[in-house]
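Before any comments, here is the structure.
As a basis for the values below, the full set of heavy atoms in this structure was taken, side chains included, without hydrogen atoms, waters or symmetry mates. Naming convention: chains lettered A, B, ... in sequence-line order (proteins, then strands); numbering from 1 in each chain.
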There are 2 protein chains.
Amino acid sequence: MPQTNTPTRILDASEKLFSEEGLQGVSLRRITKEADVNLASIHYHFGSKENLFRRVLERRIEPLNAERLELLGTVESGGAQGVLSLEAVLEAFLAPAVRLRYNRSGTGALFSALMGQIFQNPDTEIRSLATKMFREVSLRFLSALGRALPGRSEEERRWGFHLMFGTAAFALSAPGSLIGDGNPLPDDPEEALARLVSFLAAGMRSHGPSQGEGA
Amino acid sequence: MPQTNTPTRILDASEKLFSEEGLQGVSLRRITKEADVNLASIHYHFGSKENLFRRVLERRIEPLNAERLELLGTVESGGAQGVLSLEAVLEAFLAPAVRLRYNRSGTGALFSALMGQIFQNPDTEIRSLATKMFREVSLRFLSALGRALPGRSEEERRWGFHLMFGTAAFALSAPGSLIGDGNPLPDDPEEALARLVSFLAAGMRSHGPSQGEGA
DNA sequence: GCTTGAATCATACGAACGTTTCAATCAGTC
DNA sequence: GACTGATTGAAACGTTCGTATGATTCAAGC
């Protein structure tokens, strides 16, 4: 008797293999082998490979979104007279992802690597599958950024949010760095979070072309 | 009669399709169709799919590396008493990539998207293929960063370089953003460059956990 | 104008793919 | 303990993959 039921075993194996071997690089047969289930059971429980993939994402993203909104809510409710701390807003967005990335079971690292792949995937369908799941939360944080960085144009805030998301996705994803081996992520999640927040807050405060000491 | 020779047509079609449809998602048959060449000519000219991919990368990366080193050379030779401008070092690294990204032919945008995919690819072979091509230049810039950000530990400089590379790779790659459609990259390459330099310089100057106004 | 080597062609190979089918098994109910 | 619906099993479907093969075409040298 297996320790968990078939759909869960399929989801676990899929998350692991999609993450480790790429979205297009994994066959259903490989998944069934890893999960120790029959080939037909994937179609029985999930209907298709695409739908299986969607469920793999939803399982992690929905709790992530809920946690982000909850943290943002406390930040917003504590904000004096409409002004929010940029660091607090960034931390509300990043902390759940960072802590997931470092979770004990290792599933967070797998999922983070998967996210990195998804947002660089050329397939519009795959990207929009994921972006849809993040849309509502993204819009809420974008508007919170308006209260944390008053005076910026909508376009500047979008660019800042875009860079923030991309930088975090890159930093938290598994692949190694250009120099040496492995990802230079700190061992401690709270230090990683603090570094990311400080890096990104400084970047977002920098005022584009017209600032800096020039080259 | 085709306007270019067979190997070049294969390289052009491969760059386009690898970029638009993913590294694993493109078949040699699809490439031969796009390039209007015979299936066997790929193995005749390139030996294997993997070697074809390597040549696609080399064709763009080698000029990119040369340009970066040349720019860094002028920055270093102008540096007074061993101290370098952080913005100047960052610009030497980023400018060639940004200008390539915006090149008239559109090949730069394809290549940038390809780079984004590669560094999030779970296949260690594929990543190391690319990182090897960047290794020498990365080490040179890492040491230049030491002269632009004196007092930082080796580990902090690596982390900064890592984030810089990832942020730029994400910003310059093609895929759309989480909000709205399309990449919020500015239309003007020089503005994109200035924004990236200012964002990243500010981020790299921020001093990790111990700084910032806290959350 | 025949020879030669590079280049291109149509075709075939075995393997692996996502999906489908239908029989076998299982748990729960009367 | 037969019935029933949910689940699992083994096998096969047609398609596509990277690669290999051997004939054919072509330009250049003599």
Residue set satisfying salt bridge (Lys or Arg N to Asp or Glu O under 4.0 Å) with A:Glu125, at least two apart, ordered chain then number -> none
Here the distance between atom C1' of C:dT19 and atom CD of A:Glu50, to the nearest Å, is 14 Å
query: Would you say the side chains of B:Thr107 and B:Glu15 form a donor-acceptor pair under 3.5 Å?
result: no
Here the distance between atom P of D:dT19 and atom NE2 of B:His43, to the nearest Å, is 4 Å
To the nearest angstrom, the NZ-P distance between A:Lys49 and D:dT16 comes to 16 Å
In whole angstroms, the gap separating P of C:dA7 from CD1 of B:Ile42 amounts to 16 Å
Identify each atom pair where a protein N or O and an N or O of nucleotides 7-9 of chain D are less than 3.5 Å apart, giving names and distance.
| unit_1 | atom_1 | unit_2 | atom_2 | d |
| --- | --- | --- | --- | --- |
| D:dT7 | OP2 | A:Tyr44 | OH | 2.9 |
| D:dT8 | OP1 | A:Thr6 | OG1 | 2.4 |
| D:dT8 | OP2 | A:His45 | NE2 | 2.6 |
| D:dG9 | OP2 | A:Asn38 | N | 3.4 |
| D:dG9 | N7 | A:Asn38 | OD1 | 3.4 |

Residue pairs meeting side-chain hydrogen bond (donor to acceptor under 3.5 Å, both in side chains), one or both in residues 36-49 of chain A, sequence neighbours left out, come to none
#### Entry: Cationic N near anionic O, under 4.0 Å, A:Arg54 to A:Glu58
no
| field | Side-chain N or O of A:Ser27 closer than 4.0 Å to phosphate OP1/OP2 of C:dA16 | value | no
*Output yes when B:Glu155 and B:Arg158 qualify as a salt bridge under the 4.0 Å nitrogen-oxygen rule, no when they do not.*
no
B:Phe53 atom CZ is separated from D:dG18 atom C1', nearest whole Å, by 16 Å
Closest non-hydrogen contact found for B:Arg152 with B:Arg205 is NH2-O, 2.9 Å
Rounded to whole Å, CD of A:Glu21 lies from C1' of C:dC17 at a distance of 15 Å
Between CG of B:Leu28 and P of D:dT19 the distance, given in whole Å, is 6 Å
Atom CG of A:Asn51 and atom P of C:dT19 are separated, to the nearest Å, by 11 Å
What contact category does B:Leu39 fall into here, base, sugar-phosphate, or nothing, at under 4.0 angstrom with non-hydrogen atoms?
base
